[in-house]
Amino acid sequence: MSVTEDLSEVFERLRDVLEDETEELNVIHDEATKYEVRAGRVFFGSVVLRRTQVVFQLRALETRPELGEELPEPLRRRLQGKAEFVFKTLDDVQAHGLAELTRRAFDAYAREGEEVLRLAPGRSDTTPRPRKPRR
C-alpha cells in the first residue's frame, strides 16, 4: 500500500480524485492551494491545502447523509463534522474510498436533473449574478 506524506502531493492526489469524478461540473478555483467545483451555482466539493493538513470537502454528505453510511473505517477516522475529511497523509485505500464516495455523490446530483449539473445557457462560472436595484 502506497502512502503519500508530503502535503502538496496529498493535495494533488485529492485534487485528481475530485477532478476525475466530477468532469461535468464547473471548476471555480484551480489554484496551487485550492480546487473547487460546483454543480451550477451549488457548491459540490473542494480540496484545500492548509499549512498542516489537506481538507477534502464534499457537500453531498451534508445534504445526503446516507452517502456516508458505508464509509470504510480508514475514511471515517478522517471525517470531521459532516462533510470534511482532513489528511496529513493519504494511502491508496483512502484515495479509492473518496473516489467511490465522490462518484456516488455525483450520481446523486445527476439523478436530480441535468439542470443541477450545468449553468444556465449563456452564463459562465465567472459571470456575476445581476443585482437588484436598491430602493
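Heavy-atom basis, side chains included; hydrogens, waters and symmetry copies ignored.
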### Task
Taking only Lys NZ, Arg NE, NH1 and NH2, and the carboxylate oxygens of Asp or Glu, determine whether E100 and R103 approach each other closer than 4.0 Å.
yes
### Message
Taking the basic N atoms (NZ, or NE/NH1/NH2) and the acidic carboxylate oxygens, is any pair closer than 4.0 Å for D92 and R13?
### Response
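Yes, this pair counts.
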Could you check whether any side-chain N or O of [X] sits under 3.5 Å from a backbone N or O of [Y], counting only pairs where one atom can act as donor and the other as acceptor?
| X | Y | result |
| --- | --- | --- |
| R78 | E73 | no |
| Q94 | D91 | yes |
| R104 | L67 | yes |

Kindly compute the distance separating [atom1] ([X]) from [atom2] ([Y]), expressed to the nearest 0.5 Å.
| X | Y | atom1 | atom2 | answer |
| --- | --- | --- | --- | --- |
| L79 | L71 | CG | CG | 6.5 Å |
| F43 | R59 | CZ | CZ | 8.0 Å |
| K34 | E36 | NZ | CD | 4.5 Å |
| L25 | Y109 | CG | OH | 9.0 Å |
| K88 | D6 | NZ | CG | 14.0 Å |
| F44 | F106 | CZ | CZ | 7.0 Å |

### Task
Answer yes or no: are there more than 12 heavy-atom neighbours, outside H29 itself, under 6.0 Å from its atom NE2?
yes
### Task
Determine whether more than 12 heavy atoms belonging to other residues, nucleotides or ligands lie under 6.0 Å from atom CD of E31.
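Enclosed: over 12 neighbouring heavy atoms sit under 6.0 Å from CD of E31.
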Would you call [X] and [Y] a side-chain contact if the rule is heavy atoms closer than 4.5 Å?
| X | Y | answer |
| --- | --- | --- |
| T102 | L58 | yes |
| L101 | E21 | no |
| L18 | V37 | yes |
| T22 | V27 | no |
| Q80 | F85 | no |

### Task
Kindly determine whether R15 and D30 satisfy side chain to side chain contact (heavy atoms under 4.5 Å, CB included), including the steps that lead there.
CA-CA 9 Å; R15 181 198 174 284; D30 190 1; 3.0 Å; yes
Applying the 4.5 Å side-chain criterion to the ILVMFWY set and letting contacts propagate, would [X] and [Y] be lumped into a single cluster?
| X | Y | result |
| --- | --- | --- |
| V10 | V48 | no |
| V47 | L49 | yes |
| L7 | F11 | yes |

Contact summary for [X] and [Y], nearest pair of heavy atoms:
| X | Y | value |
| --- | --- | --- |
| V93 | P74 | CG1-CG, 4.1 Å |
| F56 | L14 | CE1-O, 3.8 Å |
| R50 | V55 | NH1-CG2, 3.4 Å |
| F87 | L75 | CZ-CD2, 4.0 Å |
| V86 | Q53 | CG1-OE1, 3.0 Å |
| R76 | G68 | NH2-O, 3.2 Å |

### Task
Please lay out, stage by stage, how E62 and K82 fare under the test salt bridge (charged side-chain N to carboxylate O under 4.0 Å, His left out).
CA-CA 6 Å; E62 290 180 17; K82 293 180 181 179; over 6 Å; no
